[in-house]
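I have placed the structure first, in the form of structure tokens, so that the comments after it can refer back to it.
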Amino acid sequence: MDQLALLGRKGLDKLAAFGRAGMILFQSLVAKPQPLVMFPLFVKQIYFIGVLSLIIIVVSGLFIGMVLGLQGYTILVDYGSEQAVGQMVALSLVRELAPVVTALLFAGRAGSALTAEIGLMKATEQLSSLEMIGVDPLRRIIAPRFWAGFICLPILSAIFAIVGVYGGSIVSIDWLGIYDGSFWANMQNSVNFYDDVLNGLIKAVVFGFVVTWIAVFQGYDCIPTSEGISQATTKTVVYSSLAVLGLDFILTAVMFGEL
Amino acid sequence: MRMRILEISVGAFILAGILALVGLALNVSGLNVSNTEGAYTVYARFENIGGLTPRAKVTMSGVAIGEVTEVILDRDELVARVAMNIHSDVDFLSTDSSASILTAGLLGEQYIGITVGAEEEYLQNGDFIEDTQSALVLEELIGKFLFNEVSE
Amino acid sequence: MTQFDDVVIDIQKLSFSRGDRPIYNEVDIKIPRGKITAIMGPSGTGKTTLLKLIGGQLKPDSGSILVDSKNIPALSRSDLFGVRERMGMLFQSGALFTDISVFENVAFPIRVHTDLLEDMIRDVVLMKLHAVGLRGAHDLMPSELSGGMARRVALARAIALDPDIVMYDEPFTGQDPIAMGVLVNLIRRLNHSLGHTSIIVSHDIQETLGIADYIYIIADSKVIASGTPEELSRVESEQVKQFIQGLPDGPVPFHFPANDYEDDLLKGNR
Ligand SMILES: Nc1ncnc2c1ncn2[C@@H]1O[C@H](COP(=O)(O)OP(=O)(O)O)[C@@H](O)[C@H]1O
Ligand SMILES: [Mg+2]
């Protein structure tokens with residue numbers, strides 16, 4: 001009986017947290033826009049969230065593209081269709097790996113940093129102090145970070161995909177000696193801009209929204225102690241990874257499945 | 001000065017994102033902006049379409065000239081009816097052209113290959129290609145082959 | 001009671017609890033306009049909490065907090081931000097914004113609430129920093145300051161807009177004797193020349209007695225004594241005497257509520 005009550009209370013706690021997350025999202029985004037104040041803050045956050053994540057994204061994209069080229073070649077060569085390696089590399093990157101891996105790396109790199117930063121601001125009373133100065137921290141601190149994350153993930157994902165494709169082409173064409181005309185032609189014939197590229201981009205937009213939302217909420221809602229912040233940071237990474245993988249399945253089913 | 005470097009790098013970052021998207025569009029998906037509009041539709045009936053699906057390409061001498069838009073069962077003739085969009089600049093398919101369902105590689109995807117005939121008149125929007133050749137179905141081939149072996 | 005002809009903050013029947021633990025139980029406090037009011041009490045009694053309640057960052061369980069007859073807990077979010085523009089608060093930890101310099105910290109409220117030109121902002125900021133003795137530190141980042149310096153910068157920020165009500169949460173803690181003297185004078189001068197209403201939360205009894213016009217002593221979720229410094233020094237209550245003289249034992253518990261000490265120690269042996 002106690003167990004049941006505990007379960008019920010946990011469930012209600014989660015539901016309440018979800019409600020708070022929704023309110024934070026609503027209050028930070030539905031606000032009178034103040035472009036002059038907000039724009040510099042927004043640019044600064046794109047720098048911290050996007051530009052500083054670029055290196056890890058480019059390096060991972062390159063290696064994943066190269067691995068796909070190698071693996072694809074060894075599988076396809078048995079069927080005599082190694083020409084199709086370009087198509088395999090590009091489709092798996094554009095549809096799946098670019099948005100998903102970028103989102104996972106983003107959660108680890110930028111999401112955790114966002115949570116820790118906001119949590120520390122809360123612990124050192126910077127958020128309270130903003131409120132007392134008469135500035136809404138949701139608009140000042142949360143909103144620019146939120147928008148920046150929302151914008152950065154699709155950009156990073158597109159960069160990941162293109163770098164990956166070139167990584168795959170280096171392996172396939174320069175090392176494994178596939179004729180470059182058929183590599184690119186095969187790829188271009190099978191990848192469709194609207195169905196594959198745009199759908200991949202939509203995935204990245206959705207992931208950007210969810211990961212950033214989780215990150216800023218965990219920071220804003222954390223217990224303002226060093227332990228609370230470290231827990232919140234862990235939660236950001238775990239929850240965003242799970243959310244990304246779960247949503248990826250749903251989005252894939254809707255976009256590419258026969259539903 | 002620090003702010004300036006920050007702004008420049010953010011600008012470069014967004015530009016890189018746009019370039020990456022353009023690269024994906026042109027290099028990876030081979031999006032061709034000019035011929036997305038302006039296409040006409042022709043139809044063909046096949047005994048068996050094998051694994052042909054919408055979005056499969058339509059080629060002539062190996063060059064892509066359009067794509068399959070719809071595959072349905074024709075109620076009157078009880079065979080498959082395939083609709084395909086042909087780029088409007090390919091306006092020289094004679095009315096006696098033939099269409100066959102081909103396979104790319106041994107296990108590759110299926111597509112339609114068109115061979116033109118000798119007529120002076122050309123196919124118009126909504127016309128049917130009468131001369132068609134169905135997909136090769138591996139099981140039927142093997143079946144025939146075995147049957148011949150046995151009957152010999 | 002001429003003190004209370006003009007009350008700027010009127011707290012009536014305020015109750016507030018953290019979880020099951022009551023912090024305030026039907027407390028009435030009046031803060032006179034243009035005076036320095038001190039809130040004193042053992043640590044952990046809820047002095048910081050009181051300032052946050054006045055600032056509207058916490059909502060009371062019941063009771064009203066009238067600031068110029070506006071009831072803070074009942075205000076909408078945007079009205080609340082309007083009232084806060086007239087308040088300055090020095091946080092216990094300083095709470096400087098760590099990503100911008102000392103100068104920008106002090107300039108922050110000015111930039112948010114006024115359209116002053118950059119030249120004028122610079123003058124105002126340097127004046128405020130000069131007042132707390134840290135004009136030379138305007139280029140430093142908050143991480144390069146000591147705790148006491150950070151609190152002085154935070155004080156400069158709290159008074160940057162010349163607010164009507166300034167709340168100081170333990171301004172004297174961590175200050176060396178010289179800075180302490182300067183701060184006491186600064187607070188008194190701000191109060192007298194500009195007519196600020198000041199609320200000081202403090203443990204430093206001597207400084208506080210010297211500076212305050214009126215004092216509330218809080219313990220056990222209640223106001224246990226209030227009055228001018230002279231009145232308080234004449235109060236006979238053991239509790240108040242103990243607090244003002246700083247004796248460890250007496251009716252004001254030094255200990256956080258706990259089980260019997262011996263019991264707790266013996267439990268470990270079982
Ligand atoms: N965020 C919080 N959550 C739960 N309890 C708190 C919180 N902040 C303060 N408290 C409790 O409220 C009481 C009053 O705190 P505070 O107002 O900071 O005391 P002080 O008089 O020393 O400023 C303390 O006993 C503290 O344990
Ligand atoms: Mg305190």
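Proteins come first, then strands; the chains are lettered A, B, ... in the order of their sequence lines, and each starts at number 1.
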Interface moiety of [X] toward chain B, non-hydrogen atoms closer than 4.5 Å:
{"X": "A:Leu91", "answer": "neither"}
{"X": "A:Tyr166", "answer": "side chain"}
{"X": "A:Leu54", "answer": "side chain"}
{"X": "A:Val165", "answer": "side chain"}
{"X": "A:Val197", "answer": "side chain"}

For A:Leu156 and B:Phe13, run side-chain contact (heavy atoms from CB on, under 4.5 Å): C-alpha distance rounded to whole Å, both residues' side-chain angles, the deciding distance at 0.1 Å, then the answer.
CA-CA 9 Å; A:Leu156 290 171; B:Phe13 173 69; 3.6 Å; yes
Identify the residue among B:Val28, B:Leu19, B:Leu21 that makes a side chain to side chain contact (heavy atoms under 4.5 Å, CB included) with A:Ile162.
B:Val28
Can you tell which of [options] has the highest number of heavy-atom pairs within less than 4.5 Å of chain B?
{"options": "A:Gly50, A:Ala90, A:Pro154, A:Pro40", "value": "A:Gly50"}
{"options": "A:Asn192, A:Val163, A:Leu201, A:Asp196", "value": "A:Asn192"}
{"options": "A:Leu198, A:Asp195, A:Val94", "value": "A:Asp195"}

Would you give the length of the straight line joining atom CG of B:Leu26 to atom CD of A:Gln188, rounded to the nearest 0.5 angstrom?
9.0 Å
Distance, nearest 0.5 Å, that separates CD1 of A:Ile155 from CD1 of B:Ile18
7.0 Å
A quick test of your reading: do over 12 heavy atoms of other residues, nucleotides or ligands sit less than 6.0 Å from [atom1] of [X]?
{"X": "B:Glu47", "atom1": "CD", "answer": "no"}
{"X": "B:Leu73", "atom1": "CG", "answer": "yes"}
{"X": "A:Glu96", "atom1": "CD", "answer": "yes"}
{"X": "A:Phe63", "atom1": "CZ", "answer": "no"}
{"X": "B:Phe92", "atom1": "CZ", "answer": "yes"}

Would a 4.5 Å heavy-atom cut-off, applied to side chains only, mark A:Ile46 and B:Ile14 as touching?
yes
Could you tell me if the side chain of A:Lys44 sits less than 4.5 Å from the side chain of B:Leu6, heavy atoms only?
yes
Okay, side chain of B:Glu7, backbone of A:Val43: is any donor-acceptor separation there less than 3.5 Å?
no
Between A:Ala158 and B:Gly17, what is the shortest heavy-atom contact and its length?
CB-O, 4.3 Å
